[in-house]
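Have a look at the structure below before the remarks.
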Amino acid sequence: MRTLELEGIGRRFGAVQALADVGLALRAGEVHALMGENGAGKSTLIRILAGLERPDAGTIALDGRAIAPGSPAAMRASGLRFVHQELQTVPGLTVAENMHLDHPCPTRLGLIDWRAMNGAAAEALGRLGLRRIDPRAPITDYGTGDRMLVRIAATLIGGEGAWLYVMDEPTAALTEAEAEHLFAVIGGLVRGGAGVLYVSHRMPEVLRLADRVSVLREGRHISTRPRTETGQARIIAEMTGRDLGTIFPPRPPRAAGAPAVLRATALVAPGIGPVDLAVAPGEVLGIAGLAGSGRGALLRALAGALPARGGQVELDGIRLANGSGRAWRAGIAYVPRERRSEGLMVRRAIFENVALPHLAALARWGVMLDHARQRNLAEGLGARVLLRAAGVGQPCAELSGGNQQKVLFARAIGGKPRVLLLDEPTRGVDIGARHDIYRLIRDLCAEGVAVVIASSDLPELIGLSDRIMLMHRGRPGGMLAAEGLTEAGLLGRLYALAEEAA
C-alpha cells in the first residue's frame, strides 16, 4: 500500500506560525478528510504538498523514501494530483484540449493528432464512467460539476502513475446532483487503489466519505481518528477549541400578525416569475430549489439587480423602482453568492469594501470622502460580525473565506437595513465562522430585520428559516413550515415538484 508520510512539518510567514510540527500519513485506498477552521493551516499544507511552498522544518517521504520539498515536479512525479474548487479550464477550448493542458499534445508530422488527442481523452473519461461527456465538445457545453470531473479525468491521461488526489473544497460550487456524481467518481478512484485527501467544511460529506479524519487548529495537528471513532460534535470541538453547542441558535420570539415589511406581487424578471411572497419583520424566509430553480435570480430581482419586467416589489407598503442602488437606499441589503467576483474588491482594504454602498453618508460636505469615518464604521461593524483581521486597512485578499464573508455582512448591515437578502451565505465558510454568521442572523431578526435566504444547504435552510418557499423553473411551488421538517422530507418535496412539472 502506497503511503505518503509528513512528519514535523513547520512553516512560518514572518511573525505568523502557519504550521507547527504537523504530521499526517496519507494512504492509497482510502479517503482521508482534513478539517479545520479558515486559518488553521490547511491551505499552507496543500501548497507544501503541491511543492509550491518549502517547509521550514520536517520531512516528506513516499513509501519510506524522502522527497525533496518545494518542487512541484517532484510531487507530481510522486503521483500527487490536485483538484481545486476554482476550476482550471479554458472556455474557448474543447473538453479534450482542456484535458491536455498539463500534457503534451500527441503529434504526427509536427501537427496535432486530433484523433489521438480525442481518443486519449475519451479513454480517460471512460475509466471514470463519464462516457456521456464528448471530448470534442466545447468545455462550455458542460456545467461546473462536469468540468471538475473532466479535470480529474485529465490526470489519468498517459498512465502517469497518479495515486493520491488532493481535493480542496471540491463541492463548494456544485449542485446536489453534481456533488453526487463527484462522490461516485471518488468511490471509483478509491476502489481502484487511489487515495484521496478531502478538504471540506461540509460535515455531512466528510462523515459520509472519509475513512479517517484529521483536524488542524491554529497550525497544529490536533487529531487523526477513524471516522467510526469520531463525529460532528467531537470534530467541531477539536476544530474550534470550544463547544459550539447546537449549530443553529434558537429562533427569537416574534410578534404574530405583523404586517409584511417586504412584499412581491406577480414579480417577473429574467429567469423567474410570476412570484408572490411576503416576509414579516423578524422572519426568516428560506428559498429552496434544485439546480436551475431560480433561487439566486429571485434574490437579485428583489435587490433590484435584475430588472422587473412585471409586477412589483414593496417595502413597508411603498413600491420600489428598479435599480440596486434604489433598493439599498430604501433599506434592502444584499449579500451575493460569489463573494470574490460579485461582492468584494479583494485588493482593496476592508474599510473601503465595508463603506462602498455608504459613501454618500460618509462624505464630508457631500463631496470629499472622510477616511476616518470610513475606518470607524468598518471597525464598529467588524466588531459586531466578529471579523478577525490585522486591522481594517488589511486587503480583503489576505483574509480567509469566512472573514471575507463577514466583510460582506458588515457592509450589508452598515445601513441598518429593513430587509437582508442572503444568497448562499455560508458557502465555503468554516464551522466557526458559520456559527458566528448564524448568530448574527438571529440577532438581526430579534431587532426586526426580515431575512430571505437562498441556499443549497438544506440543513441550513431548515435550521434558520421560519418558512421555506419551494421553487422550480423560476416559479413558486409551495410553502412549508420549517419546524419539524427533515432534510429528506424537504429534498423529497423538491424532487416531487420537478416530477410534477416534467
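Source: prediction; values computed, not measured.
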Ion pair Arg427/Glu338, N-O distance below 4.0 Å: yes

Heavy-atom closest contact (Ile272 atom, Gly294 atom, distance): CG2-O, 3.7 Å

Asn353 and Val346: CA distance, side-chain angles, deciding distance, side-chain contact (heavy atoms from CB on, under 4.5 Å) verdict: CA-CA 8 Å; Asn353 277 276; Val346 293; over 6 Å; no

Side chain Asn403, main chain Arg388, donor-acceptor under 3.5 Å: yes

Leu387: which of Val392, Val407, Leu381 passes side chain to side chain contact (heavy atoms under 4.5 Å, CB included): Val407

Within-4.5 Å side-chain heavy-atom neighbours: Tyr198 and Pro170: yes

Heavy-atom pair of closest approach, residues Lys42 and Gly36: NZ-O, 2.8 Å

Ser293 (side chain) donor-acceptor with Leu290 (main chain) under 3.5 angstrom: yes

Arg202 side, atom CZ; Glu169 side, atom CD - distance, nearest 0.5 Å: 7.5 Å

Minimum heavy-atom distance Ala410-Val354, with the two atoms named: CB-CG2, 4.1 Å

Which residues share a side-chain contact (heavy atoms from CB on, under 4.5 Å) with Glu352, sequence neighbours left out: Arg348, Ala349

Residue pair Gln405 / Thr426, side-chain donor-acceptor N/O under 3.5 Å: no

Crowding at CZ, Arg251 (>12 non-hydrogen neighbours, <6.0 Å): yes

Point-to-point distance, once rounded to the nearest 0.5 Å, from CG of Leu277 to CZ of Arg467: 8.5 Å

Backbone of Leu386 reached by a side-chain donor or acceptor of Asp436 within 3.5 Å: no

Heavy-atom closest contact (Pro281 atom, Pro259 atom, distance): CD-O, 3.2 Å

side-chain contact (heavy atoms from CB on, under 4.5 Å) between Leu420 and Val452, worked out: CA-CA 6 Å; Leu420 185 60; Val452 183; over 6 Å; no

Short side-chain to backbone donor-acceptor contact, Arg151 and Thr89, under 3.5 Å: no

Student check: side-chain heavy atoms of Phe351 and Gln394 closer than 4.5 Å: no

Under 3.5 Å: donor-acceptor pair, side chain of Arg295, backbone of Gly289: yes

Val199 side chain near Ile46 side chain, heavy-atom distance below 4.5 Å: yes

Atom pair CZ (Phe82) and CG (Leu52), whose distance is rounded to the nearest 0.5 Å: 7.5 Å

Test item: Leu34 and Leu197 side chains (from C-beta on) under 4.5 Å apart, heavy atoms: yes

Heavy-atom neighbours of Arg220 CZ exceed 12 at 6.0 Å: no

Flag, side chain of His221 to backbone of Ser223, donor-acceptor distance under 3.5 Å: yes

Audit row: Glu460, Ser455, side chain to side chain donor-acceptor pair (under 3.5 Å) steps and yes/no: CA-CA 8 Å; Glu460 177 173 271; Ser455 177; 2.8 Å; yes

Flag side-chain contact, heavy atom, 4.5 Å: Met471 against Leu298: yes

Distance (rounded to the nearest 0.5 Å) between Tyr438 OH and Ile431 CD1: 7.0 Å

Within-4.5 Å side-chain heavy-atom neighbours: Ile468 and Ile462: yes

Point-to-point distance, once rounded to the nearest 0.5 Å, from CZ of Arg339 to CG of Asp423: 12.5 Å

From Lys406 atom NZ to Cys396 atom SG, the distance as rounded to the nearest 0.5 Å: 13.5 Å

Student check: side-chain heavy atoms of Leu207 and Gln232 closer than 4.5 Å: yes

Student check: side-chain heavy atoms of Thr224 and Leu24 closer than 4.5 Å: yes

Nearest heavy atoms of Ala280 and Ala450, plus distance in Å: O-CB, 3.4 Å

For the student: nearest non-hydrogen atoms of Arg217 and Glu238, plus distance: NH1-O, 2.6 Å

NZ/NE/NH1/NH2 to OD/OE distance under 4.0 Å, Arg337 and Glu342: no

Salt bridge (charged side-chain N to carboxylate O under 4.0 Å, His left out) against Arg212, all qualifying residues, sequence neighbours excluded: Glu30

Arg132/Asp146 salt bridge by N-O under 4.0 Å criterion: yes

Candidate pair Arg442 and Val284, rule side-chain contact (heavy atoms from CB on, under 4.5 Å), full reasoning: CA-CA 9 Å; Arg442 284 284 183 253; Val284 178; 4.1 Å; yes

Asp141 bridged to Arg147 by N-O distance under 4.0 Å: no

Pairwise salt bridge (charged side-chain N to carboxylate O under 4.0 Å, His left out) hits with a residue in residues 303-317, at least two apart: Asp316-Arg418

Any donor-acceptor pair under 3.5 Å from Arg227 side chain to Ala210 backbone: yes

Derivation of the side-chain contact (heavy atoms from CB on, under 4.5 Å) call for Ile48 and Leu19: CA-CA 11 Å; Ile48 288 174; Leu19 293 173; 3.8 Å; yes

Single hit among Gln374, Arg375, Arg373 for side chain to side chain donor-acceptor pair (under 3.5 Å) with His371: Gln374

Cationic N near anionic O, under 4.0 Å, Arg384 to Glu447: yes

Between Ser456 and Glu424, a side-chain donor and acceptor under 3.5 Å: yes

CA sep, side-chain torsions, deciding dist, call: Arg47, Asp168, salt bridge (charged side-chain N to carboxylate O under 4.0 Å, His left out): CA-CA 11 Å; Arg47 289 179 64 80; Asp168 186 9; over 6 Å; no

Pair Glu487-Arg493, salt bridge (charged side-chain N to carboxylate O under 4.0 Å, His left out): steps then yes or no: CA-CA 10 Å; Glu487 182 179 356; Arg493 288 293 298 269; over 6 Å; no

